A.B. asks: 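There's a structure below that I have some questions on.
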Amino acid sequence: MQPERTRLAWRRTTLSGAVVAVLGVKTALHGGASATGILLGALCCGLWLGFLAVAHHRIRALSAGTPPPALTPRHATAAVLCAVAMAACAAALVV
């Protein structure tokens, strides 16, 4: 049961990242498109795609019938950096 719960948690986190990216782009384009807004919106989308790749890799590992291997430090670091950078981009767009 634990791998299934973890897999669902990765899916929820990916979905919330998609919401952040969409709201970031919406905020960037609201009231006229500026070069900075477009750049930050594109950066949010790119970071979300990076996080999606890491999450998809982990979801596939958790869906296998065997006990899943531990998350590698490289993938964990990439996931954390994408999430933090995406939050920073979204915060910069709001401010």
Side-chain angles (χ1 to χ4, degrees):
M1 287 287 249
Q2 192 272 336
E4 183 179 353
R5 287 191 307 268
T6 305
R7 183 174 49 84
L8 291 172
W10 275 102
R11 288 187 188 273
R12 285 190 306 270
T13 305
T14 304
L15 180 61
S16 66
V19 170
V20 168
V22 167
L23 290 176
V25 170
K26 181 182 175 193
T27 302
L29 299 177
H30 183 70
S34 67
T36 305
I38 291 173
L39 180 65
L40 286 173
L43 186 60
C44 274
C45 289
L47 289 167
W48 176 74
L49 287 173
F51 185 81
L52 181 65
V54 172
H56 183 69
H57 174 74
R58 189 63 184 160
I59 288 169
R60 281 189 297 148
L62 291 167
S63 295
T66 61
L71 185 63
T72 63
R74 181 176 149 232
H75 286 120
T77 303
V80 168
L81 288 176
C82 284
V84 169
M86 191 168 27
C89 285
L93 284 169
V94 171
V95 173

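Small disclaimer: the values here were computed from a predicted structure and weren't measured.
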A.B. asks: Determine, using the 4.5 Å side-chain heavy-atom cutoff (strictly less than), whether M86 and V22 are members of one ILVMFWY cluster.
C.D. replies: no
A.B. asks: Rounded to the nearest 0.5 Å, how far apart are SG of C44 and CG of L39?
C.D. replies: 10.0 Å
A.B. asks: Hey, is the main chain of T14 close enough, under 3.5 Å, to the side chain of W48 for a donor-acceptor pair?
C.D. replies: yes
A.B. asks: Does a side-chain heavy-atom distance below 4.5 Å link H75 with R58?
C.D. replies: no
A.B. asks: Is it the case that one hydrophobic cluster holds both F51 and L71, taking links as side-chain heavy atoms less than 4.5 Å apart, direct or via other members?
C.D. replies: yes
A.B. asks: On a heavy-atom basis, which atom in A79 and which in W10 lie closest, and how many Å separate them?
C.D. replies: CB-CH2, 4.2 Å
A.B. asks: Compare every heavy atom of I59 with every heavy atom of R7, then report the nearest pair and how far apart it is.
C.D. replies: CG-CG2, 3.7 Å
A.B. asks: At their closest point, which heavy atom of C82 faces which heavy atom of G50, and how far apart are they?
C.D. replies: SG-C, 4.0 Å
A.B. asks: Output the distance between atom CG (L62) and atom CG (L8), rounded to the nearest 0.5 Å.
C.D. replies: 10.0 Å
A.B. asks: Report whether L43 and L52 are members of the same hydrophobic cluster (ILVMFWY, side-chain heavy atoms less than 4.5 Å apart, transitive linking).
C.D. replies: yes
A.B. asks: Report yes if some heavy atom in the side chain of C89 is under 4.5 Å from a heavy atom in the side chain of L47; otherwise report no.
C.D. replies: yes
